[in-house]
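Counting starts at 1 for both ligands and their atoms, in listed order. In this chain, numbering begins with 1 at the start of the sequence shown.
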Amino acid sequence: MAKEGLEMTEETEHMIEKNVAKEPDSAVCAADSKEMRAVLLTGFGGLNKLKVTKKLMPEPQEGEVKIRVKACGLNFLDLMVRQGNIDNPPKTPLVPGFECSGIVEAMGENTKGFEIGDRVMAFMNYNAWAEVVCTPLDWVYKIPDEMTFPEAAAFCMNFVAAYMMLFEVSNLREGMSVLVHSAGGGVGQAVAQLCSTVPNVTVFGTASPFKHEAIRHSVTYLFDRNVDYVAEVRKISPEGVDIVLDCLCGENTGKGLGLLKPLGTYILYGSSNMVTGETKSFFSLAKSWWQVEKVNPIKLYEENKVMAGFSLLNLLFKQGGCSQVKTTVQKLLSLYSEKKIKPIVDSLWALEEVKEAMQRIHDRGNIGKLILDVEKSPTPLMASDSTETSEAGEEEEEHEGDNDNKERMPFIQ
Ligand SMILES: NC(=O)c1ccc[n+]([C@@H]2O[C@H](COP(=O)([O-])OP(=O)(O)OC[C@H]3O[C@@H](n4cnc5c(N)ncnc54)[C@H](OP(=O)(O)O)[C@@H]3O)[C@@H](O)[C@H]2O)c1
């Protein structure tokens, strides 16, 4: 792996300051600078654990591509990482982020297939939310000229997960029906679009009511996330559905399995319900675990049902699935070029606005994907008593609740 830009100790910071003594102040952002801006998670917990900091720029090792980042994807999983609400959380401090897009700036040894200047999107095993990243070439994909950088940063995680669940795990075919939760979110909208590439697929979706007008066209039947969706689906399709995609977990596992038609497939791929506030709640974790249906394989056999799990990042980073993922990305890029799919970007945020961006997901406000736009300047904070903005590379201690009475308006694309 790349020698990631370690957060600078006082000593190294001083050395770098000496090295770049003749550079202008804006050197932090300059292409030839040895420093870069990155989002840092200083410890697991609330939004106050995030800050923008300066780090040493990583250099590509053998088999790695160095990317000048333009845009980074912000996923629900990033909230869970921030809270430490994941299995085997890594040590903090760390730079979060699992995907980005940008321009190839350099290559390590043995990196055939890429040239400096290529426009690319990439998966990262953390460290994506920075101005420069290095990642193995197996996780990097060239993007078409017509694809914008925000679109590319919104593409990989959502569409690859949606595609593999629909077409590889559950074999979606003409005339089938699919139930998807959080239908207005990043994965939800990717699922809806991919379902529309197959004739006569019925999509049942749940989402917060304010999103319904915006996403109604993308699903066949849309329900308020608070209603009894099992009863609503049964009213329309008494026999149930062919595929249930469950990112909520808890009691929804039993409900999803119960809704399956014979030979239907239930896939668990997330546990959004475990996030009930800004910090990790052991109560909601225990509740979700307790409510998960204890599945009896004999019952599955008797009822002709399939139960599956899907984790793209485990497939990619722990189980050697890069060639399967690469093949999927190529298929998805063809669908994109044929204008059959298009990532929905909810809003663009500067790195310095990462807390507000995450808050938007906590508030269930997003329709599509949130993007951190590395070149965007923070929007001035709106507050009656102050219009201060956080500076790029700010390093001063942050105090919980500092910005409680100020909010930034996202730049909606
Ligand atoms: N297994 C994999 O490979 C994989 C890959 C990508 C994503 N995922 C999972 O898929 C799910 C969706 O991911 P995403 O990145 O596309 O996010 P997303 O759906 O855009 O997430 C935000 C939306 O989730 C819904 N939501 C449900 N529970 C919530 C809660 N407790 N707090 C806040 N919002 C909640 C809200 O929509 P409504 O209010 O409209 O429901 C919210 O707007 C997540 O569970 C994620 O971990 C899994």
Side-chain angles (χ1 to χ4, degrees), residues 72-83 85-87 96-99 123 153-166 168-169 179-194 204-216 218-219 222-227 229 245-253 267-281 283-285 287-288 308-319 321 324-325 328 343-347 357-372:
C72 317
L74 201 171
N75 294 293
F76 196 90
L77 182 62
D78 298 308
L79 272 63
M80 301 193 71
V81 168
R82 194 200 73 227
Q83 298 186 339
N85 213 343
I86 51 168
D87 266 350
F98 296 104
E99 61 184 332
F123 281 110
F155 195 78
C156 282
M157 180 84 93
N158 293 165
F159 276 94
V160 173
Y163 188 98
M164 294 188 101
M165 289 193 289
L166 288 173
E168 297 189 14
V169 183
L179 168 69
V180 62
H181 296 289
S182 307
V187 175
Q189 282 293 287
V191 165
Q193 290 188 17
L194 287 169
F204 297 93
T206 70
S208 287
F210 90 92
K211 300 177 186 173
H212 286 205
E213 199 185 328
I215 64 168
R216 195 175 298 283
S218 65
V219 295
L222 191 54
F223 310 122
D224 180 339
R225 69 177 179 85
N226 297 306
V227 303
Y229 63 85
L245 302 178
D246 180 12
C247 63
L248 300 179
C249 198
E251 59 181 345
N252 295 284
T253 302
I267 307 176
L268 180 71
Y269 71 103
S271 50
S272 302
N273 273 354
M274 287 191 192
V275 176
T276 49
E278 204 186 309
T279 52
K280 180 174 172 176
S281 155
F283 174 72
S284 68
L285 210 147
K287 189 171 153 216
S288 287
F310 181 77
S311 163
L312 174 57
L313 296 185
N314 282 356
L315 182 69
L316 198 57
F317 302 143
K318 295 185 184 166
Q319 297 170 327
Q324 284 159 287
V325 171
T328 303
I344 310 281
V345 174
D346 171 76
S347 46
M358 278 200 176
Q359 186 64 56
R360 185 167 169 86
I361 301 190
H362 278 297
D363 294 342
R364 300 172 177 268
N366 64 302
I367 297 176
K369 180 99 157 201
L370 278 86
I371 298 295
L372 299 178

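A distance below 6.0 Å separates the ring centres of F155 and F159.
E168 places no side-chain N or O within 3.5 Å of a backbone atom of Y163 that could act as its donor or acceptor partner.
Judged as a ring-ring contact (aromatic ring centres under 6.0 Å, His included), and not counting sequence neighbours, F123 has no contacts. Take A154 and apply the side chain to side chain contact (heavy atoms under 4.5 Å, CB included) test, not counting sequence neighbours, and it matches P343, V345, K369, I371.
In this structure, ligand 1 sits under 4.0 Å from heavy atoms belonging to N75, F76, M157, N158, A161, S182, G185, G186, V187, A207, S208, K211, R225, C247, L248, Y269, G270, S271, S272, V275, F310, S311, L312, I361, H362, R364, N366.
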Could you pull out all donor-acceptor pairs under 3.5 Å where a side-chain atom in residues 184-191 meets a protein atom, sequence neighbours excluded?
unit_1, atom_1, unit_2, atom_2, d
Q189, NE2, A183, O, 2.9
Q189, NE2, S218, OG, 3.2

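Taking the six-membered ring where the residue is Trp, H181 and Y229 present perpendicular rings, their angle passing 60° and hence far from 30°.
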